[in-house]
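In this text the structure is predicted, and so the values were computed from the model without any measurement.
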Amino acid sequence: MGIAGSLEDLARALRGTPPEARNLSRLQEIAKLLERFPPGRERDGLLAVAYLRLFQVVKRPEYLFRGYSYARTARVEEVRALAERLWEER
């Protein structure tokens with residue numbers, strides 16, 4: 001997979017990885033790498049997107065809960081709107 005380790009690299013990788021079954025392991029890898037960074041608005045927003053995309057792929061409630069939680073702490077409006085929509089659709 002070869003994803004580099006900076007937040008910018010992970011953000012770029014996440015943008016290029018749509019929520020599709022074929023991308024499951026890549027999304028999991030991105031989330032795992034993001035978890036290594038200290039908490040912060042950017043990291044939490046990226047983690048929210050990663051977990052919400054994982055939820056879109058496999059519909060596991062723990063991914064939705066994590067994504068929703070990170071979306072709330074990140075306070076990024078677009079990410080929070082996605083989390084709210086997915087929460088309502090569950």
Side-chain angles (χ1 to χ4, degrees):
M1 298 210 176
I3 301 171
S6 74
L7 277 178
E8 293 80 19
D9 292 335
L10 293 169
R12 199 171 13 265
L14 190 56
R15 277 192 303 273
T17 308
E20 300 169 351
R22 66 185 172 94
N23 294 326
L24 178 62
S25 62
R26 184 171 174 86
L27 289 167
Q28 289 171 326
E29 179 184 7
I30 291 169
K32 182 178 177 182
L33 291 170
L34 286 167
E35 290 280 359
R36 295 180 180 171
F37 285 87
R41 186 172 190 242
E42 184 178 9
R43 184 215 67 158
D44 290 355
L46 292 171
L47 268 170
V49 171
Y51 281 122
L52 293 171
R53 287 187 181 176
L54 282 165
F55 173 74
Q56 289 176 302
V57 172
V58 295
K59 302 294 187 210
R60 289 175 56 187
E62 62 266 21
Y63 288 144
L64 179 59
F65 297 145
R66 285 183 184 183
Y68 189 85
S69 177
Y70 280 117
R72 290 184 54 146
T73 62
R75 297 182 184 180
V76 177
E77 189 56 41
E78 298 85 5
V79 176
R80 188 168 179 153
L82 173 62
E84 294 287 342
R85 183 176 57 80
L86 292 174
W87 188 267
E88 291 298 319
E89 293 174 358
R90 68 184 156 94

R72 side, atom CZ; E84 side, atom CD - distance, nearest 0.5 Å: 7.5 Å

Nearest 0.5 Å, please: how far is CG in L10 from CZ in R36? 10.0 Å

Here the side-chain hydrogen bond (donor to acceptor under 3.5 Å, both in side chains) pairs for residues 47-59, sequence neighbours left out, are E35-Y51, Y51-R66

List the residues meeting side-chain hydrogen bond (donor to acceptor under 3.5 Å, both in side chains) with R41, not counting sequence neighbours, and say none if there are none. none

Distance (rounded to the nearest 0.5 Å) between R60 CZ and L54 CG: 9.0 Å

Does anything in residues 14-23 form a side-chain hydrogen bond (donor to acceptor under 3.5 Å, both in side chains)? List the pairs, not counting sequence neighbours. T17-R26, E20-R22

Evaluate the side-chain proximity of I30 to L46: yes if any heavy-atom separation is below 4.5 Å, no if none is. no

Do L33 and E29 have side chains that get closer than 4.5 Å, going by heavy atoms? yes

Partners meeting side chain to side chain contact (heavy atoms under 4.5 Å, CB included) with S69 (sequence neighbours left out): none

Determine whether L27 and L14 make a side-chain contact, defined as any pair of heavy atoms from C-beta on separated by less than 4.5 Å. yes

Quick one: which residue pairs count as a ring pair (Phe, Tyr, Trp, His ring centres under 6.0 Å) with a foot in residues 24-49, not counting sequence neighbours? none

Those residues at least two apart in sequence (or on a different chain) that pass salt bridge (charged side-chain N to carboxylate O under 4.0 Å, His left out) with R12 are D9

Between W87 and F65, does the ring centre distance come in under 6.0 Å? yes

